[in-house]
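These notes concern the structure reproduced below.
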Amino acid sequence: MSDQMKDRMKDIVSLCKRRGFIFAASDIYGGINGFWDYGPLGTELKNNLRDRWWHDMVIAPPIGPDGTPISIVGIDSSIIQNPKCWEASGHVGGFNDPMVDCRESKKRYRADHVFVLTPKDGQGHAFAFDKDAQNEEIEKRLKKLAKNKSINDFDRESLDQIPAADFLNIIGPDVKMAGTLTEPRQFNMMFHTYVGATAGDENKAYLRPETCAGIFLNFKNVLDSSRVKVPFGIAQVGKAFRNEVTPRNFIFRSREFEQMELEWFCAEEDVPKWFDFWVEQRTNFWLSLGIPKSELHFLDVPKEDLSHYSSRTIDVEYRFPFAAPDFDELEGIAHRGNYDLTQHQEFSGEKLSYFDQQENKRFLPHVIEPSTGLTRGVLALICQAYTVDENRPSGVYLDFHPSMAPKKAAILPLTAKPHHVEPAQKLYMSLRDEFVVDLDIKQNIGKRYARQDEIGTPYCFTIDNETLEDHSVTVRDRNTMAQERIPLDKVKAFLREKIHGK
RNA sequence: GCGAGUGUAGCUCAGGGGUAGAGCAUAACCUUGCCAAGGUUGGGGCCGAGAGUUCGAAUCUCUUCACUCGCUCCA
């Protein structure tokens, strides 16, 4: 990251805090790593992005390649599911082994793959070895480091059986000094909890690490209740949790985050057609929100980097300041095959196949998954909107697309006198049912414009003496700072046109 | 997790073993009011937390927490 871009991120983070977009979670307690709270404006922004996605997916889905609207329904599944779900998805198992790090050699060991020789007489250090270590090399090492003691002078134990308090006396497998091993840690990315009052392994449960599982679990329920036919989609927006080793880059990688996921179910032979369709649709989505094509990058994920279930994935990447001049992931569009339905069918014992009456055949649909980080989208919108302009008092403004801006307009009486304030209040009341608008009366007009610039309000309506004479107001455009006069009774139509384009 | 750096007001920062500072923000009031204007007044911090050294610590030492960067991790 260049210094300039480092500063840019710092400026963005501090603006977000100063103006009430995003705060550190538990701020007054010193924060908690990897968690963030959304303030008044950040919440509006996030809701705008979420609502727009929901609208474009579920309320008014795109027109398909054949010219007719496609079919998508929405669900909202539980964050905690039966733990078997995560065994089926592959999230539990294989990654549950406690690991031990060596501070000196920088190596990482599975605790059950390391054994320890503890001196029978309790004198001197204990020695750790890789489980495959041969007697010959063990003796050699002991001769060197343990004053010619031999294997017979030691008890052998697996490292995961030894209390962490005793680690200080252990010399790691690849070093010559004691006390460099960390205590064993689980490296599972899932947060776990216990369902019910007693905390035991039998009622251990997990917070979902991705929202898509809830969609697969409800595939049959939706099929049975919604009259949908393949191809169709199920959409969901919600929180997901991953115990990231290193949360980084503001809200980009956090431990609690929000996803907007669509699972598109189709026949295997139609996969290429729909894959291209969704890449195009999702690209258009970001373009329509003001992310320019030049700041987007499409990464056809190389075979060796693909998840085990995916045969093709395209990452839609955005040039986040911390990644610039490179890009980082904003959305992934993955062909998941029928891996998920296959797994859940096997683990649950429920038949999850689809019967196509016209073709008279039964099959497990393939899945194309456009999966977006809602909170990453919010960050992309903020980064893209952040515009330095030394020619204006605020020095910076947020160039949000009007439909994304947390406040659509501010209503500003030129003075705090009743003859300006009263018409302003009237205008405010007539707009607030339909638009998120601010009524700001106090302080001089320049300061109020500047404040709206900084939070990205696209329009300011000012009530002045002319308003009293001819029922017109001035509209100030955020980006150009230019003003025009429009009739009071055209304000609503003006906003509708600017925000919805109609 | 490892290594380096940082932590002082809402934000950005200065200072530095002896009574906590600036700019901006924020609140109130004034004005013949269109771009952070001028004026007056106010609120806000025991200097990230804990321990130690000292007559005395925001300042020095240690521990811890958080953040930033690099590595690692991101199935």
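For clarity, every value in this text was computed on a predicted model and none was experimentally measured. Numbers restart at 1 for each chain; the letters A, B, ... are given by sequence-line order, proteins then strands.
Nucleic acid contact class of A/Lys417 (heavy atoms, under 4.0 Å, all strands): none. When heavy atoms are screened at a 4.0 angstrom cut-off, A/Glu210 is found touching no nucleic acid atom at all. A/Arg255 comes within contact range of no nucleotide atom at all, as no heavy-atom separation falls under 4.0 Å. Nucleic acid contact class of A/Tyr397 (heavy atoms, under 4.0 Å, all strands): none.
The base of B/C74 sits with one of its N or O atoms less than 3.5 Å from a complementary donor or acceptor on the side chain of A/Arg253. Contact annotation: side chain of A/Arg448 to base of B/C35, donor-acceptor pair absent below 3.5 Å. A/Gln483 contributes a side-chain N or O that forms a donor-acceptor pair with the base of B/C34 under 3.5 Å. Contact of A/Asn33 with B/A66 (side chain to base): no donor-acceptor pair of N or O atoms is detected under 3.5 Å.
Taking atom C1' on both B/A9 and B/A37, the two are 25 Å apart, rounded to the nearest angstrom. Here, B/A75 and B/U6 have their C1' atoms 33 Å apart, quoted to the whole Å. When the P atom is compared between B/A27 and B/U61, the two are found 41 Å apart, to the nearest whole Å. Using atom C1' as the reference point in both B/C62 and B/A28, the two lie 47 Å apart (nearest Å).
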Task: Test log, rule side-chain hydrogen bond (donor to acceptor under 3.5 Å, both in side chains), inputs A/Arg451 and A/Gln443 - done: CA-CA 11 Å; A/Arg451 189 162 37 225; A/Gln443 292 184 318; 3.1 Å; yes

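A straight line from CZ of A/Arg478 to P of B/C34 spans 24 Å, rounded to a whole angstrom. Look at CZ on A/Phe252: it is 17 Å from C1' on B/U68, rounded to the nearest Å.
For A/Ile32, the side-chain contact (heavy atoms from CB on, under 4.5 Å) partners at least two apart in sequence or on another chain are A/Ala25, A/Ser26, A/Phe35.
Nearest heavy-atom pair, A/Arg478 versus A/Arg392, reported as atom, atom and distance to 0.1 Å: O-NH1, 2.9 Å. Residues A/Ile441 and A/Pro413 approach most closely at CG1-CG, 3.9 Å, considering heavy atoms. Taking each heavy atom of A/Leu495 and A/Lys408 in turn, the nearest pair found is CD2-O, 4.3 Å. Of all heavy-atom pairs between A/Gln452 and A/Asp438, the closest is NE2-OD2, 3.5 Å.
Ring pair A/Phe320/A/Phe252: centre-to-centre distance below 6.0 Å. Residues A/Tyr318 and A/Trp286 place their aromatic rings such that the two centres sit no closer than 6.0 Å.
Base-pairing analysis of RNA chain B finds the following stems of at least three consecutive Watson-Crick or G-U pairs, with both pairing distances under 3.5 Å: B:1-7 with B:65-71, B:10-13 with B:21-24, B:26-30 with B:38-42, B:48-52 with B:60-64.
For the segment residues 460-470 of chain A, the set of residues with a heavy atom within less than 4.0 Å of an atom of RNA chain B comprises A/Thr462, A/Asp464, in numerical order.
Neither OP1 nor OP2 of B/C35 sits under 4.0 Å from any side-chain N or O of A/Lys447. The side chain of A/Arg451 contributes an N or O atom lying less than 4.0 Å from OP1 or OP2 of B/U26.
Side-chain contact check for A/Pro406 versus A/Phe21: some heavy-atom pair is nearer than 4.5 Å.
Considering only side-chain atoms of A/Ser14, the nucleotide from B/A75, B/C34, B/U12 that sits closest is B/U12.
Taking 4.0 Å as the cut-off between side-chain N and carboxylate O, A/Asp300 and A/Arg312 count as a salt-bridged pair.
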